Amino acid sequence: MQYLAEGLRLPTNGLDYTILAIYFVVVLGIGFAARASVKTSLDFFLSGRSLPAWVTGLAFVAANLGATEILGMAATGAQYGVAVVHWYWIGAIPAMVFLGLVMMPFYYRSKVRSVPEFLLQRFDRSAHLLSSILFAFAAILIAGVNLYALSIVVEALLGWPQWVAIVVAGLFVLVYITIGGLSSAIYNEVLQFFVILAALIPLTLLGLKRVGGWDGLTGSLEKSHGSDFLSAWGGTGIGDANPLGANWLTIILGLGFVLSFGYWTTNFAEVQRALSAKNLSAAQRTPLIAAFPKIFIVFLVMIPGLVAAVLVPKIGTPGSDLTYNDAIPLLMQELLPNGVLGIAVTGLLAAFMAGMAANVSSFNTVFTTDIWARYVKKDQPDAYYLRFGRLITAVGVLASIGTAFIAASFSNIMSYLQTLFSFFNVPMFVVFIIGMFWKRASMKSGVWGLLAGTTAAMVNYFWIYKQGVIDIPTDQGANFVSAIVGFVAGAVVMVLVTLFTAPKPEAELAGLVYGTESPDGVEAPAEGDSAWYRKPALLGWGAIVIAALCYLPYSL
């Protein structure tokens, strides 16, 4: 197992622990406050579809801003340099805008409780069951990554035994989700968003000050790592060598299209936040609102990673006892005084709980509504599913503890996450995108597309890459290739199966395929929703323009 270095133990004192204790009290208070609103299973799993767009928007970005995001992206910055911006400006913003403008109307108007349930309406029961099982399995694996990230940080930084860190943090997540359901998770994610920023901003500013500002940082890195380390596109020509181990084609297709769209448009841990919005307009605005802070968050995780690469030039190499995952804890130890240190530790714990809560709350929804209620215990009273949802939440947390140890074999946990996304999210995305835009896609093509995409991605990673059949320089490069292979295999198989199987009756495709109108018609905007900032199209195009402006300094 890869632990943080023992030398990173933080000099925490009573003030830091007081800040941490206050935060935990507030988290539990929000959970108990949300309990009053949980009367039905819809309240528990989707907040009764009643939340305003600004709440769901911040929760949307916070659900992704977990401990794995902070530790993993800082690790990616220390390992690969400025190329980390690809995961945000290419690998997130376009897909978030696409989700808001194009896909949310399909999700929201169909009144589904989960992403797999949409496949039941568009394809058949076999596609629905397989996607539900794959998603539930992936959600537990990803929740386990967050749990592992938290345990190694807390053990090294605060001196708590690893099992104590796991039990305490897992217990808090379990309590506030079980009591308050999705509403508790979402309102805590809004709080966690601001706590995380309060931790990262001083860390970034003090880190820059330590290395002599931006000029000092870039000057040092250019001497030690070369100019390509400071360029997003440097050395990405086909056949060229670069720190990332990927060329421009695999970055654009593998990360920018397949992995990115696969994650942001079909990952129920994210989409669930938008489905809890009070109406279609709010649901569409959820990812668009989230896109704005997402543009700038990259600097708060990239710069600490770059600073760590200057302070410890051999970080992550065989000659150092520090892994790339140590970048953030290293700066916390080096730069932060007590009090601010307590906020930073609280921010890391908040990030962990945001990431784990997002995956556990999506897992309990999919397992209860898509697997248990659909195939095991049908037609039970609503109160039964509410009780079962709370029970399966506890099961999900316990299972996450077991899967936490799988992440131990990766020195960069973001590489592990990207591997999971290429296996599970990409095949689901290809089925969605073809099903939404091609009416002829048959009912049976969905399940075979899922199987083909998942199998092809795993074959590429475990055989072609791991066994050295083709020389792919890095895990990240292999993930991009796996994603492309999974997408292409799923699409080809869907087309072939469609040629030999029956399509879904056209009357049953209303509202499920682009260009068809929902049987209920287009939802009219709510009264008072005429302001420019409430219009999804304007927000979407605004996000696109801002994202485009971000590309101007991209070659720096």
Side-chain angles (χ1 to χ4, degrees), residues 4 8-27 30 58-59 61-78 84 88 146-147 149-158 160 165 168-169 172-173 187-210 290 293-294 296-308 311 324-358 413-414:
L4 292 180
L8 292 181
R9 187 68 49 81
L10 293 183
T12 48
N13 62 16
L15 176 61
D16 301 314
Y17 281 106
T18 300
I19 293 172
L20 192 59
I22 291 172
Y23 173 75
F24 278 125
V25 170
V26 172
V27 165
I30 292 174
L58 290 180
V61 70
N64 176 251
L65 193 60
T68 51
E69 174 86 358
I70 294 175
L71 293 180
M73 283 304 176
T76 302
V84 71
Y88 291 78
N146 281 277
L147 191 55
L150 173 95
S151 66
I152 60 174
V153 167
V154 171
E155 182 179 33
L157 301 189
L158 302 182
W160 297 2
V168 170
F172 270 87
V173 173
Y187 280 112
N188 268 304
E189 285 162 1
V190 173
L191 169 66
Q192 288 156 357
F193 174 76
F194 292 105
V195 173
I196 292 166
L197 292 185
L200 291 179
I201 290 173
L203 197 65
T204 302
L205 296 177
L206 291 173
L208 280 174
K209 183 179 179 181
R210 171 64 67 90
K294 189 70 175 176
F296 304 103
I297 286 172
V298 61
F299 297 107
L300 300 181
V301 292
M302 176 184 73
I303 292 175
L306 298 179
V307 170
L311 296 181
Y324 294 114
N325 290 332
D326 295 330
I328 290 287
L330 171 69
L331 297 193
M332 289 170 60
Q333 181 201 51
E334 291 282 327
L335 303 174
L336 299 183
N338 292 110
V340 179
L341 186 59
I343 295 174
V345 172
T346 303
L348 276 182
L349 296 184
F352 152 75
M353 289 192 289
M356 184 175 181
I413 51 180
M414 189 51 63

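Values below: every heavy atom of this structure, side chains too, minus hydrogens, waters and symmetry copies. Predicted, not measured: the structure shown is a model, and the values here were computed from it.
Ala308 is linked by a side-chain contact (heavy atoms from CB on, under 4.5 Å) to Ile315, Ala327, Leu330, counting only residues two or more places apart in sequence or in another chain. With sequence neighbours left out, the side-chain contact (heavy atoms from CB on, under 4.5 Å) criterion links Pro293 to Val61, Phe193, Ile297. The side-chain contact (heavy atoms from CB on, under 4.5 Å) check on Leu205 picks up Ile201, with sequence neighbours excluded. For Phe194, the ring-ring contact (aromatic ring centres under 6.0 Å, His included) criterion is met by no residue, not counting sequence neighbours. Residues satisfying the side-chain contact (heavy atoms from CB on, under 4.5 Å) test with Thr204, not counting sequence neighbours, are Leu300, Ile303, Pro304.
To the nearest 0.5 Å, the span separating CG on Leu335 from CG on Leu203 amounts to 6.0 Å. Annotation: the span from Leu306 atom CG to Phe299 atom CZ amounts to 11.0 Å, rounded to 0.5 Å. Ile196 contributes atom CD1, which lies 9.5 Å from atom CG of Leu191 (distance to the nearest 0.5 angstrom). Here the CG atom belonging to Leu341 is positioned 10.5 Å from the CG atom belonging to Leu20, to the nearest 0.5 angstrom. For the atom pair CG of Leu200 and CD1 of Ile70, the computed distance is 4.5 Å after rounding to the nearest 0.5 Å. In this structure, the separation between OG1 on Thr346 and OH on Tyr17 is 11.0 Å, given to the nearest 0.5 Å.
Between Ala74 and Ile328 the shortest heavy-atom distance is CB-CG1, 3.5 Å. Contact record, Ala344 with Leu336: CB-CD1, 3.4 Å, taken as the closest heavy-atom pair.
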Would you sort out whether Leu206 and Leu331 count as a side-chain contact (heavy atoms from CB on, under 4.5 Å), showing the intermediate values? CA-CA 9 Å; Leu206 291 173; Leu331 297 193; over 6 Å; no
Derivation of the side-chain contact (heavy atoms from CB on, under 4.5 Å) call for Met302 and Tyr88: CA-CA 11 Å; Met302 176 184 73; Tyr88 291 78; over 6 Å; no
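For residues 330-342, the pairs satisfying salt bridge (Lys or Arg N to Asp or Glu O under 4.0 Å) are Arg210-Glu334, with sequence neighbours left out.
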